[in-house]
Amino acid sequence: MTVWTVLLSDPAGVDSGVLGRFFASQKKILLLDAQRLARHAWGFLGDDLSEEEARTLVRSAEAAGIQAIAIEKGAVVHLPGPQAVRGLVFEGDRVEFRVGVPAHLQPLPLSRLQLFSVVNLRQDTSTVRTIQEQASMGRKIAGLGVMLSTGIPVGMGKGKSLQKTVTETEWVLTLDIFGKGGRWRIVPAAFDFSGLGKDIGTAGPDNLRRLLQRLHVECPSALLNRGARWWLEGRPLNTTGYDEVSDGDQEARWLLTLAQGQ
């Protein structure tokens with residue numbers, strides 16, 4: 001039996017509050033649970049449905065002011081693995097990626113670019129560290145007082161070793177360029193931005209934003225994920241809502257499926 005998937009049909013998405021209320025109504029669950037579900041939906045309203053269930057869900061969504069489409073599940077895009085890009089240059093109507101070790105060029109017409117996806121993920125790393133704690137001034141003064149009043153030498157207070165769990169937070173920023181035939185990933189720390197020419201800046205993240213702006217100008221037909229849209233609008237990336245790698249991937253599958261149908 002053919003199974004169906006229901007997707008949002010607007011690549012800009014839907015307000016999370018509207019989507020949360022819709023899920024609460026459809027699934028008969030608490031609003032808090034529905035909001036959590038909406039946070040991780042990333043364009044998917046329903047999956048593994050019969051055709052009748054999918055059509056019914058589309059009608060319900062549209063009645064709630066949410067534009068949706070039903071497609072056969074087999075038509076939903078499966079993402080290729082990313083290729084690390086070390087640099088790129090713009091050459092007329094194409095872009096040339098520098099990939100691999102040793103590096104070689106992969107040319108791709110700009111007309112084949114489909115999606116620019118920016119994802120900024122928080123990564124917390126916890127480590128256990130041994131910290132030498134020095135004796136406090138109060139302990140030293142108390143020891144000195146005992147020695148002066150009794151004449152008995154006592155310790156002036158010794159330090160002690162403590163183990164502490166230290167959590168460090170790092171934000172990992174990537175730009176994935178999807179085109180017909182592949183997925184190319186740029187990480188600022190491992191990328192040569194000299195292809196920007198006179199537009200190059202001094203910091204990696206700023207240069208990545210400049211590169212995204214250039215790509216968007218050169219290929220305005222390519223879709224933008226939420227991270228890319230918000231970054232171009234000057235909104236903070238740490239509020240885009242990506243909690244896991246799977247969030248960005250699911251959003252990309254949704255958007256690429258829409259692009260495929262255009």
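Fair warning: this is a prediction, and the values are worked out from it, not measured in the lab.
Shown are I71, V77, L255, V76; of these, the side chain to side chain contact (heavy atoms under 4.5 Å, CB included) with Q260 is made only by V77. Of the residues listed (R59, E52, E53), the one engaging T56 in a side chain to side chain donor-acceptor pair (under 3.5 Å) is R59, and it is the only one. Of the residues listed (W254, W231, Y242), the one engaging N225 in a side chain to side chain donor-acceptor pair (under 3.5 Å) is Y242, and it is the only one.
Rounding to the nearest 0.5 angstrom, the gap separating the CH2 atom in W42 from the CZ atom in R253 is 15.0 Å. In this structure, the separation between CD on E251 and OG on S246 is 11.5 Å, given to the nearest 0.5 Å. Here the CG atom belonging to L224 is positioned 7.5 Å from the CG atom belonging to L115, to the nearest 0.5 angstrom. Of the inter-residue distances, the one linking L49 atom CG with E72 atom CD reads 13.0 Å to the nearest 0.5 angstrom. Atom CG in N120 sits 12.0 Å away from atom CG in L175 (nearest 0.5 Å). Considering CD of Q83 and CZ of R185, their distance stands at 11.5 Å, rounded to 0.5 Å.
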When you look at S117 and F178, which way does the side chain to side chain contact (heavy atoms under 4.5 Å, CB included) test go after all the steps?
-> CA-CA 8 Å; S117 172; F178 292 90; 3.9 Å; yes
Show the numbers, then the answer: is there a side chain to side chain contact (heavy atoms under 4.5 Å, CB included) between K73 and D48?
-> CA-CA 7 Å; K73 185 172 182 176; D48 294 324; 2.6 Å; yes
Evaluate the criterion side chain to side chain contact (heavy atoms under 4.5 Å, CB included) for residue pair V118 and L173; output intermediate values, then yes/no.
-> CA-CA 7 Å; V118 172; L173 175 65; 3.8 Å; yes
Apply side chain to side chain contact (heavy atoms under 4.5 Å, CB included) to D47 and V3, showing your working.
-> CA-CA 8 Å; D47 204 8; V3 292; over 6 Å; no
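Linking ILVMFWY residues whenever their side-chain heavy atoms come closer than 4.5 Å, directly or via other members, leaves V172 and I186 in distinct clusters. By the rule that hydrophobic residues join a cluster once side-chain heavy atoms approach within less than 4.5 Å of another member, L31 and V18 end up as members of separate clusters. Both V99 and L88 sit in one connected hydrophobic cluster of ILVMFWY residues. Membership requires side-chain heavy atoms under 4.5 Å apart, directly or through other members. Using a 4.5 Å cut-off between side-chain heavy atoms of Ile, Leu, Val, Met, Phe, Trp and Tyr, with links allowed through other members, L223 and I69 fall into the same hydrophobic cluster. L113 and L256 fall into different hydrophobic clusters, defined by Ile, Leu, Val, Met, Phe, Trp and Tyr side-chain heavy atoms under 4.5 Å apart, directly or through other members.
Looking at every heavy atom in both residues, T257 comes nearest to A75 through CG2-O, 3.9 Å. Residues R183 and D249 approach most closely at NH2-OD1, 2.9 Å, considering heavy atoms. Heavy atoms only, all atoms of each residue included: T174 and V187 are closest at CG2-CG2, 3.9 Å. For the residue pair F193 and P188, the shortest heavy atom distance occurs at CE1-O, 3.7 Å. For the residue pair A54 and A70, the shortest heavy atom distance occurs at CB-CB, 3.9 Å. The heavy-atom pair separating A24 from A34 by the smallest distance is N-CB, 3.4 Å.
No donor-acceptor distance shorter than 3.5 angstrom exists from the side chain of R98 to the backbone of A103, with no hydrogens or angles considered. Side-chain atoms of Q250 come within 3.5 Å of backbone atoms of A41 as a donor-acceptor pair (strictly under, hydrogens ignored). Remark: side-chain polar atoms of S9 are paired, donor with acceptor, to backbone N or O of Q67 under 3.5 angstrom. At least one donor-acceptor pair closer than 3.5 Å links the side chain of T240 to the backbone N or O of L237. No donor-acceptor pair closer than 3.5 Å links the side chain of H40 to the backbone N or O of D247. A donor-acceptor contact shorter than 3.5 Å links the side chain of N207 to the backbone of G201.
By the 4.0 Å N-to-carboxylate-O rule, R112 lies too far from D93 to be salt-bridged with it. Salt-bridge formation is not detected for the pair D33/K27: no Lys NZ or Arg NE/NH1/NH2 atom is positioned less than 4.0 Å from an Asp or Glu carboxylate oxygen.
Proximity of S60 to Q26: side-chain heavy atoms (C-beta onward) are separated by under 4.5 Å at one or more points. Put simply, the side chain of L105 does not reach to within 4.5 Å of the side chain of F97, judged on heavy atoms. For the pair Q35/R39, no side-chain contact is recorded, criterion being any heavy-atom separation below 4.5 Å from C-beta on. Considering only heavy atoms from C-beta on, L215 stays 4.5 Å or farther from E218 through its side chain. Contact annotation: the side chain of V58 never approaches that of W4 to less than 4.5 Å [non-hydrogen atoms, C-beta and beyond]. Side-chain atoms of L45 and L7, non-hydrogen and from C-beta on, never get closer than 4.5 Å to each other.
With a 6.0 Å cutoff to the six-membered ring centre and a 45° limit on the axis angle, R86 does not count as a cation-pi contact of F191. W230 carries R226 over the face of its six-membered ring, with the cationic atom under 6.0 Å from the centre and within 45° of the normal.
Within 6.0 Å of CD in E244 there are 12 or fewer heavy atoms belonging to other residues, nucleotides or ligands.
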